[in-house]
Amino acid sequence: MKNKRRRELLDHHVWTDRKTVVFLSDFGTSDGAVSAMHGVANQVSNTLYLDDLTHDIPQFNIWEASYRLAQALPYWAAGTVFVCVVDPGVGSDRKSIVALTESGHLIVTPDNGTLTHIADRVGLLEVRTMNVDDNRLAGSQKSHTFFGRDVYAYNGARLAAGEVQFETIGEPITKIVKLRIERARREGHTLVGSVDILDARYGSLWTNISADFLEELGVDYGDELEVIITKDGRIVYGYHLPLCKGFTDVGKGEQLIYVNSLLNLAVAVNQGSFAATYGIGTGEGWKITFSVVS
């Protein structure tokens, strides 16, 4: 089935019909880095549609880049090309790659773990390395610290414009760097998962645990669950919290469990930041459990 889907996408080159490039980085927008990437893409073809997923990924945070990519990509039409640049290893021997997803999207990115959540939730049909020496912006050969402009934006635009084909951009590889994920699961009367991401503006904790598990536990709104959060096995937080439909089900400054917009379990402080209050982070090593209170 995967080979059939891959062949279908390669034969029709859906990304060249779409002609859309979406950028993601940890560059921020206080300088000209993002504009430079847009400029390179525009030089390749002024018929491309260019957009930005976000450039506010915390510096060097590969986990959050991976999560945000998987969060937004499914809402874009097949054929969209994503350029993901969170690259603390820029200039090193880490690979530069292009991935073809089962959903028909292309992702241009360093091979440092940014494809972890896409591989887990969307699926990868094929990944190819890029020969950087042969596929970079003219005149950039002496630059080794801005691959976002010189390699990734350039090749993302070339792929979207049809100037280079996915199957000729480099050699296929079967192994890529992946981050460690704590898979959501039920263990008896306990739900186990990871603190996937923060609700950035408000500091709520978003987990990867589906709210569908609540029915299996026989838990309803108003019931309490014991919440334990650990980092690499060390307990950081442990308390009984109510499961609520909305934030105002508890008083201002009080904690609660709720179902977020992705229909996963989340933990918050009403009109406050749970993450800041209790020093909670996200990514590898962060584990959360919800247990039935007997």
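Just so you know, these numbers use all the heavy atoms, side chains as well, and skip hydrogens, waters and symmetry mates.
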Short side-chain donor-acceptor distance under 3.5 Å, [Y] and [X]:
| X | Y | answer |
| --- | --- | --- |
| R158 | N135 | yes |
| Y152 | T109 | no |
| S25 | H55 | yes |
| S66 | T114 | no |

Any heavy-atom pair between the side chains of [Y] and [X] that's under 4.5 Å?
| X | Y | value |
| --- | --- | --- |
| L69 | F82 | yes |
| W76 | S103 | no |
| R128 | I173 | no |
| T282 | D196 | no |
| L106 | F166 | yes |

Are Y221 and Y258, when compared by the centres of their aromatic rings, separated by less than 6.0 Å? no
Does [X] come within less than 4.0 Å of [Y], counting only side-chain N to carboxylate O?
| X | Y | answer |
| --- | --- | --- |
| E64 | R68 | yes |
| D120 | R183 | yes |
| D87 | R149 | no |

Using side-chain hydrogen bond (donor to acceptor under 3.5 Å, both in side chains), reason through D51 and Y49 one step at a time and then give a plain yes or no. CA-CA 7 Å; D51 205 345; Y49 174 70; 3.2 Å; yes
Keeping D31 on the side-chain end and A33 on the backbone end, is there a donor-acceptor pair under 3.5 Å? yes
Sub-3.5 Å donor-acceptor pair from the side chain of N270 to the main-chain atoms of E254, do we have one?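 Looks like no, no N/O pair under 3.5 Å.
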With sequence neighbours left out, which residue pairs that include part of residues 223-248 fulfil the side-chain hydrogen bond (donor to acceptor under 3.5 Å, both in side chains) condition?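 Counting only pairs at least two positions apart or across chains, the side-chain hydrogen bond (donor to acceptor under 3.5 Å, both in side chains) contacts touching residues 223-248 are Y237-Q255.
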Point-to-point distance, once rounded to the nearest 0.5 Å, from OG1 of T101 to CZ of R121: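 T101 OG1 to R121 CZ: 14.5 Å, rounded to 0.5 Å.
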